[in-house]
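Please read the structure below before turning to the comments.
All values below come from the heavy atoms of this structure, side chains included, with hydrogens, waters and symmetry mates left out.
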Amino acid sequence: ISTSYAMCVRYDGVEVEETYCDALTRPEPTHEFCAGRECQPRWETSQWSECSRTCGEGYQYRIVRCWKMLAPGFDSSVYDDMCESAGLTRPMERKSCKNKVCGPQWELSEWSECSARCGSQGTMRREVRCSVEPKLCNQSTKPVNEKECLGPPCDRHWAASDWGPCSGLCGEGRMNRLVTCRSVEGKLISESQCNPNTKPLATYPCGDKNCPAHWVEQEWDH
């Protein structure tokens, strides 16, 4: 909010005591909404995954995404090049991890996304394999490759505004929109309450109408 107020000034612009001015003609203070400087993008990371190997040296992974506040209270994931063009160093997406030295061992992939739709039970799966011949691994210590999961609540959904204007020419432009999580009554709620896997894109490539066909890179599926 920007605020203006009146002060009493002399003929040459120097401020003087208020008693020199007529109080009846003093303007009222004003309070107006204003836009602050554009918020800078930032990298956000998920938690590290389990180690890819149950013993010996393996790797841990995490999701790295570029986020930006597009308007007060409206935070959204955007294309990675926004963070990169701002000179922000991308956080590590993989790091090594070590467990006890071992012979035959169980190796694990990351969990898949939950198969459930809203309000229902589903399953998540991962690959569990022996680093050598399967019979050489101890079957009694084999990690589970499937577990139950719950889909998101049905009384909330993603809501998207209309697309804004295109920012550039063919192949270079981007247009943005606000994507928010809302309850069934339309009330704004935390983004963590909506399913991140179904969140609509908040930024999209664009160009003029006569733009020739060209490839456009989308974000990787996680």
[X] side chain near [Y] side chain, heavy-atom distance below 4.5 Å:
| X | Y | result |
| --- | --- | --- |
| Glu28 | Tyr5 | no |
| Trp158 | Thr180 | no |
| Arg90 | Glu84 | yes |
| Leu108 | Ser52 | no |

What's the shortest heavy-atom distance between [X] and [Y], and which atoms?
| X | Y | value |
| --- | --- | --- |
| Ser115 | Cys149 | N-SG, 4.2 Å |
| Glu57 | Ser96 | OE2-CB, 3.6 Å |
| Ser120 | Leu150 | O-CD1, 3.5 Å |
| Met124 | Ser112 | CE-O, 3.2 Å |
| Leu201 | Val179 | O-CG2, 4.0 Å |
| Met82 | Asn176 | CE-OD1, 4.2 Å |

task: Decide whether a cation-pi geometry holds between Arg94 and Tyr61; the criteria are a distance under 6.0 Å from NZ or CZ to the six-membered ring centre and an angle within 45° of the ring axis.
output: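 No; the conditions do not both hold, so Arg94 does not lie above the ring face of Tyr61.
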- prompt: Are the side chain of Thr203 and the backbone N or O of Tyr79 linked by a donor-acceptor pair below 3.5 Å?
  reply: no
- request: Look at the side chain of Arg62 and the backbone N and O of Met92, then say whether any donor-acceptor pair between them is shorter than 3.5 Å.
  value: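 Yes: the side chain of Arg62 pairs with the backbone of Met92.
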task: With sequence neighbours excluded, tell me which residues meet disulfide (SG to SG under 2.5 Å) with Cys39.
output: none
Would you compute the distance between atom [atom1] of [X] and atom [atom2] of [Y] and round it to the nearest 0.5 angstrom?
| X | Y | atom1 | atom2 | result |
| --- | --- | --- | --- | --- |
| Gln121 | Cys114 | CD | SG | 8.0 Å |
| Cys181 | Arg156 | SG | CZ | 7.0 Å |
| Ser85 | Asp80 | OG | CG | 10.5 Å |
| Cys137 | Arg129 | SG | CZ | 11.0 Å |
| Ser76 | Leu178 | OG | CG | 8.0 Å |
| Glu44 | Cys66 | CD | SG | 9.5 Å |

- line: The complete set of salt bridge (charged side-chain N to carboxylate O under 4.0 Å, His left out) pairs with one or both residues in residues 194-205, sequence neighbours excluded, reads Glu191-Lys199
query: Is a salt bridge present between Glu146 and Arg126, judged by a nitrogen-to-oxygen distance below 4.0 Å?
result: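 No, this pair does not count.
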- prompt: Under 4.0 Å between a Lys/Arg side-chain N and an Asp/Glu carboxylate O for Glu93 and Arg65?
  reply: no
message: Walk me through whether Val64 and Trp43 qualify under side-chain contact (heavy atoms from CB on, under 4.5 Å).
response: CA-CA 7 Å; Val64 177; Trp43 291 112; 3.6 Å; yes
message: The test is side-chain contact (heavy atoms from CB on, under 4.5 Å); show your working for Thr141 and Trp106 and say whether it passes.
response: CA-CA 9 Å; Thr141 62; Trp106 294 111; 3.4 Å; yes
task: If a pair satisfies side chain to side chain donor-acceptor pair (under 3.5 Å) and one of its residues is in residues 130-139, list it, with sequence neighbours excluded.
output: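 Non-adjacent pairs meeting side chain to side chain donor-acceptor pair (under 3.5 Å): Asn138-Ser140.
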task: Kindly determine whether Arg10 and Glu17 satisfy salt bridge (Lys or Arg N to Asp or Glu O under 4.0 Å), including the steps that lead there.
output: CA-CA 10 Å; Arg10 205 167 58 188; Glu17 289 291 330; over 6 Å; no
